[in-house]
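Structure first, commentary second.
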Amino acid sequence: MTSHISSALQLPPLQSHTPFSTRHGLLPIPPPNLNGGLRFSAITCASSNGRAPNSAEDGVKEVKRILEEKKRAELAARIASGEFTAQQSSFLGQLRSLVSRLGILGDARDGFLAIPEAKGSMSAVGGQAFFLPLYELFLTYGGIFRLKFGPKSFLIVSDPAIAKHILRDNAKAYSKGILAEILDFVMGKGLIPADGEIWRVRRRAIVPALHRKYVAAMIGLFGQATDRLCKKLDAAASDGEDVEMESLFSRLTLDVIGKAVFNYDFDSVTNDKGIVEAVYTVLRESERRSTSIIPVWNIPIWKDISPRQRKVTAALKLINDVLNDLIARCKRMVEEEELQFHDEYMNEQDPSILHFLLASGDDVSSKQLRDDLMTLLIAGHETSAAVLTWTFYLLSKEPSIMAKLQEEVDSVLGDRFPTIEDMKKLKYTTRVINESLRLYPQPPVLIRRSLDNDVLGKYPIKRGEDIFISVWNLHHCPNHWIDVDKFNPERWPLDGPNPNEVNQNFSYLPFGGGPRKCVGDMFASFENVVAVAMLVRRFNFQLALGAPPVGMTTGATIHTTEGLVMTVTRRTRPPIIPTLDNKLLEVNVEDPVEKASPPVAASKLSNGLLRLRSRYATMLTESIRRFPPDPQSEGGLPLSLRTGHVVSFIHGM
Ligand code: HEM
């Protein structure tokens, strides 16, 4: 798992076998099959939920899936055949290539060593998540190569040492490049796109707002928001309706981030307010812009004539109005407050980041503050939603992992809402999320532009290069990971450190690395742990019968192509009841419980015919509230009422 392969992956093209024999010989892996036979299992996640197709519709989906795989197989075969390899146009070029392959000139600084080059055509890589063809190219061209699309060219980096150099060791020499251009319309000079002095100042202002006490206070918020989602799922489970989880996760995390950043309750899990639609309009537009080839939105009159652009402008105006209003309201609150600002300052009524920033006396223009809030809203929303989506997808495929997870959650939490102390105890839950982030990194690619000439590995590069660091490739590198495609939370020992870019030496980058590392990593990790724990403790999740195959597509994060449609069923598990020595129930002797059939006993319990005494009694009624009799289950009762606990509980009196 920890072998390092950077230089082994940097060999020139058309030596496809060579890059896959590791220098250390630790993890031999097969080379790509040059005849077009493919190692695609690595990234195939389309699925017909493990069941045989049983209808014409399923059949069509299956055919679609096979066609999709065939397309990718064809692409890999074309890559392997050398079609993507840029031809050396001149005698000099060929001579350089030969000399560099023979290693005669060794040193990169002489300028003779050329980065391996692949040239792409949009049609070959289009129609699928764009990081997938980059993976196939990586397997052929190695840890750094140039991808040319006509006059445009990008450096694709999949080597951990080079990623570390760009993100951490020489971070000053790189900017956010095209990302900043694309996101300007929505984030302006917010923390994600900002560079240079603006970024430095804003980062220094924002990071302290996410202090430990704030994050601990957020655990309660995560619990409340997830509880609302549980209620929604409860209703769906009762009605026997399948649910599309990806959009529900998106709403859950929108609700969380709205409250956490500027104390606004979108309440999008239960309501469809105009502002929620406005947020999604803007989000989809940023994603569309990041995957569009021609930036038509830059044409001056376009935003006035295109209906979509007009909608985007209106949505932005609505969000800005709401944000300006929230800023004004929060300013008034801060003015009225008897303020004693300190490092871990937090207003109990409004613990939001906005409140912290205003209370700290952050001297900033309204426009900058709005850009920062918008950035935090977007950064903290889609990423967490994507993590939850893919985690539940993975769990639905691995019942044994789900069972182990539920066991941990049952024993750590019981029926309580999670607290900050539980975060340390929910170790397996955390590993499940670590592993989900390895298989589905959000975002799958980090974007940079070189501000100076530099040397990457052994290759000199010039100022102005656009660079994609493929986190997807780093996390799926077959030389680095054992059973690379396997969802295996056990690969991270429970008693080991939480995996991150430092202890994994930049082969694992769930939250980026270096000075521009995610500011919300702890926030997001706890948010995901709380959501996963609360959901799996209440429900079982299965891919719905006849649901569309779960394919991947790219926006800012990895989305599903047609949603994650799941059947959610309430879990029937024993409530946690301590062993009791004393009688706990007072029973009307005219109506002995022990003679009643279990359903009758249960209905009497929940109808209050039995008077329960002591705090244990409260626990029992709470359990019944949370796990009400399930008409589908045996005897119409939760397991605990059918067998074991409650019966002996009653009998023990
Ligand atoms: C599981 C959820 C999340 C994931 C996977 C994630 C991932 C990342 C990654 C990989 C970066 C680095 C981007 C780059 O280097 O180009 C980043 C940056 C950032 N993230 Fe997150 N993030 C998550 C949640 C959050 C949350 C909840 C917030 C806010 C509360 C947040 C705020 C930010 C900000 C502001 C940056 C830019 C930092 C800078 O450039 O200085 N993220 N995130």
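Counting convention: from 1, in listed order, for ligands and their atoms alike. Atoms considered below: every heavy atom in the structure, side chains included; atoms not considered: hydrogens, waters and symmetry mates.
Which of G512, A379, G513 comes nearest to atom 10 (C) of ligand 1 through a heavy atom is settled by distance: it is G512.
If you check which protein heavy atom lies closest to atom 16 (O) of ligand 1, you get R448 NH1, 2.9 Å. In this structure, atom 6 (C) of ligand 1 lies nearest to the protein heavy atom F511 CD2, 3.6 Å. The protein non-hydrogen atom at the shortest distance from atom 7 (C) of ligand 1 is Q442 O, 3.5 Å. R203 NH1, 3.4 Å is the protein heavy atom nearest to atom 38 (C) of ligand 1. For atom 23 (C) of ligand 1, the closest non-hydrogen atom of the protein is T383 OG1, 3.4 Å. Considering only non-hydrogen protein atoms, atom 30 (C) of ligand 1 sits nearest to I257 CD1, 3.9 Å. Regarding atom 36 (C) of ligand 1, its nearest protein heavy-atom neighbour is I192 CG1, 3.6 Å. Closest protein heavy atom to atom 21 (Fe) of ligand 1: C518 SG, 2.3 Å.
In terms of polar-atom proximity, S384 is not counted as a contact of ligand 1, lacking any N or O under 3.5 Å from an N or O of the ligand. Looking at ligand 1, you won't find any N or O of K517 less than 3.5 Å from one of its N or O atoms. For ligand 1, none of its N or O atoms has an N or O atom of E527 under 3.5 Å away. Remark: ligand 1 and T375 share no N or O pair separated by less than 3.5 Å (distance only, no angle test).
Ligand-side atoms of ligand 1 in range of V387: 1 (C), range being under 4.0 angstrom from any heavy atom. Under a 4.0 Å criterion applied to the non-hydrogen atoms of F523, ligand 1 contributes the atoms 27 (C). Interface of W199 with ligand 1, defined as ligand atoms under 4.0 Å from a residue heavy atom, comprises 39 (C), 40 (O), 41 (O). Every atom of ligand 1 is numbered from 1 in the order shown, and the set under 4.0 Å from a heavy atom of A524 is 1 (C), 2 (C), 24 (C). For ligand 1, the atoms lying closer than 4.0 Å to a non-hydrogen atom of P510 are 5 (C), 7 (C), 10 (C).
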I would like to know whether T253 and E382 meet side chain to side chain contact (heavy atoms under 4.5 Å, CB included); could you show each step before the answer? CA-CA 8 Å; T253 57; E382 289 276 276; over 6 Å; no
Using the side chain to side chain contact (heavy atoms under 4.5 Å, CB included) rule, take F249 and L535 through it: C-alpha gap first, then chi angles, then the decisive distance, then the call. CA-CA 11 Å; F249 285 138; L535 289 167; 3.6 Å; yes
Candidate pair L451 and Y174, rule side chain to side chain contact (heavy atoms under 4.5 Å, CB included), full reasoning: CA-CA 5 Å; L451 298 170; Y174 295 87; 5.7 Å; no
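Between D325 and R329 a salt bridge is recorded (basic side-chain N to carboxylate O distance below 4.0 Å). Using a 4.0 Å cut-off between a side-chain N of Lys or Arg and a carboxylate O of Asp or Glu, D452 and K172 do not qualify as a salt bridge.
In this structure, the side chains of P418 and L413 come closer than 4.5 Å at one or more pairs of heavy atoms. Between V261 and L354, every side-chain heavy-atom pair lies at or beyond the 4.5 Å cut-off.
In this structure, the side chain of D321 does not engage the main chain of L318 through any donor-acceptor pair within 3.5 Å.
Within the 4.0 Å heavy-atom criterion, both parts of R516, backbone and side chain, lie near ligand 1. Using a 4.0 Å cut-off between heavy atoms, L191 contacts ligand 1 through both its backbone and its side chain. Of all the heavy atoms of N528, the ones lying under 4.0 Å from any atom of ligand 1 belong exclusively to the side chain. Contacts between S525 and ligand 1 below 4.0 angstrom, taking non-hydrogen atoms only, are absent altogether.
Proximity of the aromatic rings of F138 and H476 is defined here by a centroid distance below 6.0 angstrom, and this criterion is not met. Side-chain rings of Y280 and H381 approach one another, their centers coming within less than 6.0 Å. In this structure, F222 has its ring center closer than 6.0 angstrom to the ring center of F523.
Heavy atoms of K176 approach ligand 1 to within less than 4.0 angstrom.
One side chain, N170 or D454, offers a donor N or O that lies under 3.5 Å from an acceptor on the other. Side-chain polar atoms of S360 and D362 form no donor-acceptor pair below 3.5 angstrom.
In this structure, the separation between CG on D159 and OG on S507 is 8.5 Å, given to the nearest 0.5 Å.
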